[in-house]
Amino acid sequence: MAGAADTFFTSVYRAVRAIPPGRVATYGQLARWLGVPRGARAVGWALRALSPRRSATVPWHRVVAAGGRIAVRPGAGPDLQRRKLRKEGVRFRRGRVDLARHGLQP
DNA sequence: CGTATGACGAGCC
DNA sequence: AGGCTCGCCATAC
């Protein structure tokens with residue numbers, strides 16, 4: 001059912017939207033969902049391409065790097081993302097998300 | 001169509 | 001533990 005409009009990017013956004021509040025997913029995990037086990041970087045590329053307007057409709061802050069680390073993004077520090085997650089009740093452990101507690105499959 | 005890019009990940013030192 | 005290198009993938013040019 002993947003039409004021309006249903007690109008990899010679109011799939012990524014849809015997957016990210018499926019992440020429930022208070023939980024997080026890693027880039028690699030999302031890549032697996034999309035059927036591309038080693039496409040973590042591609043997922044990152046998709047989120048990077050997210051326009052400010054679009055980012056308002058995609059819970060990008062629920063996507064973290066392996067080990068619960070906050071990936072370094074261009075033009076913005078990790079503070080914003082940490083704040084958003086914290087607001088959803090996500091706990092941090094030495095600056096990293098506690099995946100055991102907030103991961104998709106706890 | 002070949003090269004470069006990047007919000008990654010795993011391995012190695 | 002912390003930092004560097006290499007591999008992978010989907011776009012951009």
Side-chain angles (χ1 to χ4, degrees):
Chain A
M1 295 234 341
D6 195 21
T7 61
F8 180 77
F9 283 14
T10 303
S11 300
V12 171
Y13 303 149
R14 191 175 357 146
V16 174
R17 273 192 264 263
I19 306 173
R23 293 204 200 168
V24 300
T26 67
Y27 293 92
Q29 207 163 18
L30 287 170
R32 283 195 197 176
W33 289 0
L34 303 177
V36 190
R38 297 177 179 173
R41 291 190 91 171
V43 172
W45 187 271
L47 292 184
R48 187 187 76 75
L50 211 52
S51 65
R53 180 79 161 66
R54 194 67 168 161
S55 64
T57 68
V58 178
W60 55 267
H61 58 281
R62 294 181 194 145
V63 183
V64 298
R69 299 191 326 283
I70 300 296
V72 182
R73 330 187 270 107
D79 290 348
L80 178 61
Q81 183 166 7
R82 285 201 326 195
R83 235 187 320 158
K84 288 194 170 215
L85 288 175
R86 214 169 209 314
K87 204 181 300 180
E88 295 184 349
V90 174
R91 292 195 177 189
F92 284 81
R93 200 165 147 174
R94 289 151 73 196
R96 309 177 194 205
V97 175
D98 187 348
L99 289 181
R101 182 181 166 76
H102 300 288
L104 290 165
Q105 297 182 348

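A note on names: the letters A, B, ... follow the listed sequences, proteins ahead of strands, and every chain is numbered from 1.
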Which of B:dA7, C:dT11, C:dC9 is nearest the side chain of A:Val36? It is C:dC9
Quick one: A:Arg41 CZ to C:dT11 P, roughly how many Å, whole number? 15 Å
Taking OH from A:Tyr13 and C1' from B:dA7, how many angstroms apart are they, rounded to a whole number? 11 Å
Nucleotide C:dA10, atom C1' - distance to OH of A:Tyr27 in whole Å: 16 Å
Protein-nucleotide distance (A:Arg96, atom CZ; C:dG2, atom P), rounded to Å: 7 Å
Please find the pair of heavy atoms, one from A:His102 and one from A:Gly22, that lie closest to each other, and give the distance. ND1-O, 3.0 Å
What is the distance from CG of A:Leu30 to P of B:dG6, rounded to the nearest Å? 21 Å
Provide, to the nearest angstrom, the distance between the CZ atom belonging to A:Arg38 and the P atom belonging to C:dC6. 18 Å
Which nucleotide wins on minimum distance to the side chain of A:Ala66, given the candidates C:dT11, B:dA10, C:dC9? B:dA10
Checking contacts here: which listed nucleotide (B:dA7, C:dA12, C:dC9) is nearest the side-chain heavy atoms of A:Trp45? C:dA12
To check you understand the geometry: which heavy-atom pair defines the closest contact between A:Val43 and A:Phe8, and what is its length? N-CE2, 4.0 Å
Here the distance between atom C1' of B:dA4 and atom CZ of A:Arg48, to the nearest Å, is 12 Å
A:Phe8 near the nucleic acid: base, sugar-phosphate alone, or nothing, with a heavy-atom cut-off under 4.0 Å? sugar-phosphate
Do you know which two heavy atoms are closest between A:Thr26 and A:Ala65, and how far apart they sit? CG2-O, 3.8 Å
Could you say whether A:Arg69 or A:Ala42 is positioned toward the 5' end of DNA chain B, judged by the nucleotide with the nearest heavy atom to each? A:Ala42
Using side-chain contact (heavy atoms from CB on, under 4.5 Å) as the criterion, point out the one residue from A:Leu99, A:Ile19, A:Leu104, A:Asp98 that pairs with A:Val24. A:Leu99
Whole-Å distance separating the CZ atom of A:Arg73 from the P atom of B:dC8: 11 Å
